[in-house]
Amino acid sequence: MDRFVTRSRKRLGVGEPDQACHGKKSREAPTQVQKASGEEEENTSLPKEFSQPIPWRKIEAEGLDCDYSLLFNTEEANELFNALEREVEYFTGDQAKVQVFGKSYSVPRRQATYGDEGLTYSFSGLRLLARPWTPTLGSIRDAVTKATGHTFNFVLVNRYKDGLDHMGEHRDDERELDPSCPIASVSLGAARDFVFRHRNSRGAGGRGGPPPVKLELAHGSLLLMSAPTNTHWYHSLPVRKKSHMPRINLTFRRILKRL
């Protein structure tokens with residue numbers, strides 16, 4: 001498998017450095033296109049506990065409420081990426097396909113699910129059972145909880161081998177998701193564009209809602225998607241043919257346990 005190694009001292013991604021102060025979230029004026037990045041911290045050792053609070057960038061539009069931060073420095077993110085390459089077991093066969101209008105299609109990326117015992121997640125005709133947490137996934141989960149104050153019992157892992165692997169437009173609005181808990185998305189590997197499109201902007205014409213919001217998710221970054229984002233906005237990870245490095249994305253969720 002590919003190992004993710006960066007030689008630059010700067011994080012992946014482009015844009016203005018995050019100027020948010022430690023200790024509180026910064027609120028920016030609503031915008032249609034934002035790109036986020038930051039500078040690598042001087043201390044590149046992997047700490048036992050992550051210092052809190054971390055600087056956050058607020059991303060807002062009509063019905064969209066997200067917060068973005070760099071959770072891991074480059075060396076930490078590299079170590080986590082390579083550990084996940086060793087630990088994660090991805091689905092194969094029918095579990096690597098989705099149902100769309102009664103037809104079966106191969107997923108254009110690799111997927112895996114991990115979480116607390118007995119949890120399942122259903123989408124696109126699939127019902128996936130969570131494997132037990134790996135050491136690295138558990139460590140990342142705990143770091144996300146410490147950064148956000150939210151607890152998570154499930155993670156969906158998506159691995160993109162290069163820029164041809166992608167994710168189509170969708171909403172994470174499955175019934176088993178706890179509506180009171182945001183979705184926390186950790187990105188490791190190649191920086192990729194992440195696009196939000198308002199539900200009224202889709203379909204013929206697509207002029208009924210606000211313009212799309214585009215972010216570039218950096219290596220080691222954390223995106224927190226809070227309500228009512230998944231009610232009003234679809235999101236996607238488009239094809240980027242010029243991207244040749246792999247990427248792993250972890251979306252931490254809280255699933256309601258049905259009796």
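The figures here come from the full heavy-atom set of this structure, side chains too, leaving out hydrogens, waters and symmetry mates. Source: prediction; values computed, not measured.
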**Report entry** Nearest heavy-atom neighbours spanning F91 and A112
**Finding:** CE1-CA, 3.6 Å
Report task. Could you check V157 against L84 for side chain to side chain contact (heavy atoms under 4.5 Å, CB included), going step by step and ending with a plain yes or no? Result -> CA-CA 10 Å; V157 184; L84 292 176; 5.9 Å; no
Query raised in the report: What are the two closest non-hydrogen atoms of W56 and A147, and how far apart are they?
Result: CZ2-O, 3.6 Å
**Report entry** M167-F196 co-clustered via ILVMFWY side chain contacts under 4.5 Å
**Finding:** yes
**Report entry** Reported CG-to-OH distance for the pair L237 and Y160, which is rounded to 0.5 angstrom
**Finding:** 5.0 Å
Report task. For the pair T251 (side chain) and S185 (backbone), establish whether a donor and an acceptor sit closer than 3.5 Å, ignoring hydrogens and angles. Result -> no
Query - Worked verdict on W133 versus D116 for side chain to side chain contact (heavy atoms under 4.5 Å, CB included) - result: CA-CA 7 Å; W133 295 100; D116 292 356; 2.9 Å; yes
Query - CZ on R199 to CG on N230, rounded to 0.5 Å - result: 11.5 Å
Query raised in the report: Can you tell me if W233 uses its side chain to pair, donor with acceptor, with the backbone of P228 under 3.5 Å?
Result: no
Requested in this report: Kindly say whether Y234 contributes a backbone atom to a donor-acceptor pair with the side chain of R171 at under 3.5 angstrom?
Outcome: no
Query raised in the report: Can you say whether the rings of H198 and H232 are parallel (under 30°), tilted (30 to 60°) or perpendicular (over 60°)?
Result: parallel
Query - R131 side chain to E89 backbone, donor-acceptor under 3.5 Å - result: yes
Query raised in the report: Would you find a donor on one side and an acceptor on the other, under 3.5 Å apart, between the side chain of E87 and the backbone of T136?
Result: yes
Report task. Assess whether side chain to side chain contact (heavy atoms under 4.5 Å, CB included) is satisfied between K241 and V239, documenting all intermediate values. Result -> CA-CA 6 Å; K241 294 182 180 180; V239 169; 4.0 Å; yes
Requested in this report: Tell me whether F81 is reachable from Y90 by hopping between hydrophobic residues (I, L, V, M, F, W, Y) whose side-chain heavy atoms are closer than 4.5 Å.
Outcome: yes
Query - Side-chain donor or acceptor of S187 paired with backbone N/O of N249 under 3.5 Å - result: no
Report summary line: So CG of L224 and OG1 of T148: to nearest 0.5 Å the spacing works out to 6.0 Å
Query raised in the report: Looking only at atom types and distance, does a side-chain atom of R141 sit under 3.5 Å from a main-chain N or O of N153, one as donor and one as acceptor?
Result: no
Query - For the student: nearest non-hydrogen atoms of R109 and D165, plus distance - result: CA-OD2, 3.7 Å
Query raised in the report: Which value, rounded to the nearest 0.5 Å, describes the distance between E75 atom CD and L80 atom CG?
Result: 11.0 Å
**Report entry** Residue pair K58, D65: steps toward the side chain to side chain contact (heavy atoms under 4.5 Å, CB included) verdict
**Finding:** CA-CA 8 Å; K58 173 61 73 173; D65 184 1; 2.6 Å; yes
**Report entry** Which atom of Y68 lies closest to which atom of S221, heavy atoms considered
**Finding:** OH-CB, 3.3 Å
Query raised in the report: Does L119 share a hydrophobic cluster with L177, counting links as ILVMFWY side-chain heavy atoms below 4.5 Å and allowing steps through other members?
Result: yes
Query raised in the report: Salt bridge check: are R253 and E176 linked by an N-O gap of less than 4.0 Å?
Result: no
Requested in this report: Kindly compute the distance separating CD (E60) from OG1 (T229), expressed to the nearest 0.5 Å.
Outcome: 9.5 Å
Query raised in the report: How about P238 and H166: do any of their side-chain heavy atoms sit closer than 4.5 Å?
Result: no
Query - E76 to F72 - nearest heavy-atom pair and separation - result: OE1-CA, 3.3 Å
Query raised in the report: Any idea which heavy atoms bring G220 and A77 closest together, and the distance?
Result: CA-CB, 3.9 Å
Query raised in the report: Distance from L222 atom CG to I54 atom CD1, nearest 0.5 Å?
Result: 6.0 Å
Query raised in the report: Would you say the side chain of I140 lies within less than 4.5 Å of the side chain of F252, judging by non-hydrogen atoms?
Result: yes
Query raised in the report: For the side-chain hydrogen bond (donor to acceptor under 3.5 Å, both in side chains) test, which of H170, E169, R197 pairs with H235?
Result: H170
Requested in this report: Indicate yes or no for a side-chain donor-acceptor contact from H219 to the backbone of G189 under 3.5 Å, with no hydrogens or angles considered.
Outcome: yes
Query raised in the report: Within the side chain of R192, is there an N or O that forms a donor-acceptor pair under 3.5 Å with the backbone of D162?
Result: yes
